[in-house]
Amino acid sequence: MEELEKDPRIAQKIKRFRNKQAQMKHIFTEPDEDLFNPDYVEVDRILEVAHTKDAETGEEVTHYLVKWCSLPYEESTWELEEDVDPAKVKEFESLQVLPEIKHVERPASDSWQKLEKSREYKNSNQLREYQLEGMNWLLFNWYNRKNCILADEMGLGKTIQSITFLSEIFLRGIHGPFLIIAPLSTITNWEREFRTWTEMNAIVYHGSQISRQMIQQYEMVYRDAQGNPLSGVFKFHVVITTFEMILADCPELKKIHWGRWKDILTHGRFKWHLNEKDMEMICRALLVYCVKHYKGDEKIKSFIWELITPTKDGQAQTLQNHSGLSAPVPRGRKGKKTKNQLLLPELKNADWLATCNPEVVLHDDGYKKHLKQHCNKVLLRVRMLYYLKAEILGEAADKAFEGTPARELDVPLPDIDYVEIPVDWWDAEADKSLLIGVFKHGYERYNAMRADPALCFLEKVGMPDEKLLSAEQGVTDGASDVPERPHR
């Protein structure tokens, strides 16, 4: 009993135990009555406020859009001010204040100092001695720019150690945003512990299409007087979600974490730890290898070579060698074989090849054989994506990556007589969404396009099957006709 009384959270644990006990008793003693969860009438978060005038008295009436505990966002309701917990109103109002945007760098590794005693966190919570040791270790690795894995037996507080670690970073002026990816069964526990231990604004990104749209509308960004989102500043400090939701590609999350090399790095499941520079080097090596073995049009080889040649200033370049690429090109399967497939005038000046030589970078002979068989397909798809950006999407390409809905993007389309169409609802909007979707998500990534709320397909046909979406993104093992995972 004395050990239990030392736990500052024992009262909360006993309360949860009694609630569960009461529910179980209700299940076994009153089977004919409907269960009612008391959480359903407890305010979880306030999403919005509306001020109106009473039609009869002319007095101002305030309503709050309330999300209820244990219910999804789509079950939120508008409630009168007097019916809402004042503490939740105060919490909502504090989140409406636009924070000062201040960039804080990660501290130098030599400035790390071990915390000898747990600080007092929210609700007077403190870490146990072994939890403090784990949190110190996480913080030490963060200071030293080292990735790490915290492993221990169940029930010893790995979640709390991770949360207090982020809290320490937060207290040093780095306010995120932080991304927590967890199994679906644990995300509510993560949210509860964030609220119990910290002052950080943690939101759970999950649920139906309607719920996710409400999260994007009310929880993620600050907006100006006209309702337009303010770029570069977010309402939340922490997003808690599942891996499937990340694959579904929330546009607001994409603004934070998106990058061509970063995206490859995220979805590639590489055996070695790779940074963006590594990924850029590997991608160049792959394309050099494909150019070497490509037997098709010389224009394609020249175009790819110009594409992968680094610029002196490291900035993106506009290629001049893609003129005429709108015309079909031969696949080259029956092309005449030459002794040296890499006959390019720029080869002698390509000093950069020393760092991305495919014979050095690509160690797996089986993978190289597979890549050689599909080099035509790889180069033609790269060529198609570049043409799509340079000749069709233009400025709309960057806006698409920022999450701008397809319907708001200006993409020129030819006059088409929509007689022979794949489905009855297919129209010009679907054509535009398909072009943008191919550029954003890649060739034949139809489930990812369907799950993208910025395109029209999600509204027209709904979310794809999560297993199909995961398989398409390379989450499940399986062969692909186009190589995607080089090994180092």
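Small disclaimer: the values here were computed from a predicted structure and weren't measured. As a basis for the values below, the full set of heavy atoms in this structure was taken, side chains included, without hydrogen atoms, waters or symmetry mates.
For Leu156 against Gln161, the heavy-atom pair with the smallest separation is O-NE2, 3.8 Å. The nearest pair of heavy atoms linking Pro183 to Thr242 is C-CG2, 4.4 Å. Shortest non-hydrogen contact noted between Gly462 and Arg450 is O-NE, 2.7 Å. In terms of heavy atoms, Gly403 sits closest to Ala454 at O-CB, 4.1 Å. Residues Ser111 and Ala108 approach most closely at OG-O, 2.6 Å, considering heavy atoms. Considering every non-hydrogen atom in both Ala400 and Ile436, the closest pair reads CB-CG2, 3.7 Å.
Contact of the Cys290 side chain with the Leu371 side chain is registered, since non-hydrogen atoms from C-beta on lie closer than 4.5 Å. Contact of the Phe236 side chain with the Leu95 side chain is not registered, since no non-hydrogen atoms from C-beta on lie closer than 4.5 Å. Looking at Trp68 and Glu42, their side chains never come closer than 4.5 Å, going by heavy atoms from C-beta outward. Looking only at side-chain heavy atoms (C-beta outward), Val204 and Thr188 stay at 4.5 Å or farther from each other. Under the 4.5 Å side-chain criterion, counting only non-hydrogen atoms from C-beta, Met384 is in contact with Val438. For the pair Leu171 and Ser167, the minimum side-chain heavy-atom distance is below 4.5 Å. Between Tyr205 and Ile240 the shortest side-chain heavy-atom distance does not fall below 4.5 Å. Within the 4.5 Å cutoff, the side chain of Val221 has no heavy atoms near those of the Leu230 side chain.
The neighbour count for Tyr121 OH, taken as heavy atoms of other residues, nucleotides or ligands under 6.0 Å away, is above 12. When the shell of 6.0 Å around CD of Glu408 is examined, it contains more than 12 heavy atoms from other residues, nucleotides or ligands. Remark: Leu150 CG is packed, more than 12 non-hydrogen atoms of other residues, nucleotides or ligands lying under 6.0 Å away. Residue Lys235 qualifies as enclosed at atom NZ: its count of foreign heavy atoms under 6.0 Å is above 12. Asp465 CG: more than 12 foreign heavy atoms inside a 6.0 Å radius.
Judged as a salt bridge (Lys or Arg N to Asp or Glu O under 4.0 Å), and not counting sequence neighbours, Lys432 has no contacts. For Tyr143, the side chain to side chain donor-acceptor pair (under 3.5 Å) partners at least two apart in sequence or on another chain are Arg172.
To the nearest 0.5 angstrom, Asn447 atom CG is 5.5 Å from Leu468 atom CG. Of the inter-residue distances, the one linking Leu139 atom CG with Cys148 atom SG reads 10.0 Å to the nearest 0.5 angstrom. Atom CG of Leu127 sits about 11.5 Å away from atom CD of Glu120, to the nearest 0.5 Å. Between Leu47 atom CG and Trp78 atom CH2 the span is 8.5 Å, to the nearest 0.5 Å. Note: Met214 CE to Glu48 CD = 10.0 Å, rounded to the nearest 0.5 Å. Within the model, atoms CG of Asp44 and CG of Asp85 stand 11.5 Å from one another, a figure rounded to the nearest 0.5 Å.
For the 3.5 Å distance criterion, the side chains of Ser94 and Gln96 fail to qualify, holding no donor opposite an acceptor. In this model, no donor atom of one side chain and acceptor atom of the other lie less than 3.5 Å apart for Tyr40 and Glu75. Side chains of Asn201 and Arg195: a donor-acceptor N/O pair is absent below 3.5 angstrom, by distance only. Ser162 and Trp190 share no donor-acceptor pair across their side chains, judged by distance under 3.5 Å alone. Of the N and O atoms on the side chains of Ser208 and Glu74, at least one donor lies less than 3.5 Å from an acceptor on the other residue.
Within the 3.5 Å criterion, the main-chain N or O of Val382 finds no donor-acceptor partner in the side chain of Tyr387. A donor-acceptor pair is defined here as one N or O able to donate and one able to accept, closer than 3.5 Å; no such pair exists between the side chain of Thr186 and the backbone of Ala182. Side chain of Lys67 to main chain of Ile46: no donor-acceptor pair is present (N/O by atom type, distance under 3.5 Å, no hydrogens or angles). Under the 3.5 Å distance criterion, the side-chain polar atoms of Arg106 are matched with a main-chain donor or acceptor of Trp142. For Arg223 (side chain) and Asn228 (main-chain N/O), no donor-acceptor pair under 3.5 Å exists by modelled atom type. Judged by distance alone, the side chain of Asn141 and the main-chain N or O of Trp137 form a donor-acceptor pair under 3.5 Å. Distance alone, capped at 3.5 Å, places no donor-acceptor pair between the Thr241 side chain and the Ile181 backbone. Side-chain atoms of Asn144 do not come within 3.5 Å of backbone N or O of Lys146 as any donor-acceptor pair. Counting only distance, with no hydrogens or angles, the side chain of His51 and the backbone of Thr62 share no donor-acceptor pair below 3.5 Å. Between the side chain of Asn123 and the backbone N or O of Asn125 there is no donor-acceptor pair closer than 3.5 Å.
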Mind running ring-ring contact (aromatic ring centres under 6.0 Å, His included) on His237 and Phe178 for me, showing each step along the way? CA-CA 6 Å; His237 302 125; Phe178 304 115; 8.2 Å; no
Candidate pair Phe439 and Phe401, rule ring-ring contact (aromatic ring centres under 6.0 Å, His included), full reasoning: CA-CA 9 Å; Phe439 181 71; Phe401 274 129; 5.3 Å; yes
Yes or no on side chain to side chain donor-acceptor pair (under 3.5 Å) for Asn189 and Arg192, after CA distance, side-chain angles and deciding distance? CA-CA 5 Å; Asn189 181 62; Arg192 181 173 61 246; 2.7 Å; yes
Steps toward side chain to side chain contact (heavy atoms under 4.5 Å, CB included) verdict (Phe165, Asn136): CA-CA 8 Å; Phe165 158 64; Asn136 267 320; over 6 Å; no
Walk me through it: do Ile160 and Thr164 pass the test side chain to side chain contact (heavy atoms under 4.5 Å, CB included)? CA-CA 6 Å; Ile160 292 171; Thr164 52; 4.3 Å; yes
Can you check side chain to side chain contact (heavy atoms under 4.5 Å, CB included) on Leu166 and Phe194, steps first, answer last? CA-CA 10 Å; Leu166 293 180; Phe194 265 106; 3.9 Å; yes
Run Thr77 and Glu79 through side chain to side chain donor-acceptor pair (under 3.5 Å) and show every step you take. CA-CA 6 Å; Thr77 57; Glu79 304 293 334; 2.7 Å; yes
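With Tyr73 as the partner, the side chain to side chain donor-acceptor pair (under 3.5 Å) test is satisfied by one option alone out of Arg212, Glu219, His206: Glu219.
The residues Asp152 and Lys158 are annotated as not salt-bridged, no charged nitrogen and carboxylate oxygen being separated by less than 4.0 angstrom. Under a 4.0 Å N-O distance rule, the pair Arg119/Glu168 qualifies as a salt bridge.
Ring centroids of Phe303 and Tyr386 are separated by less than 6.0 Å, placing the two rings close together.
Ring planes of Phe92 and Tyr64: perpendicular class, angle over 60° (limits at 30 and 60°).
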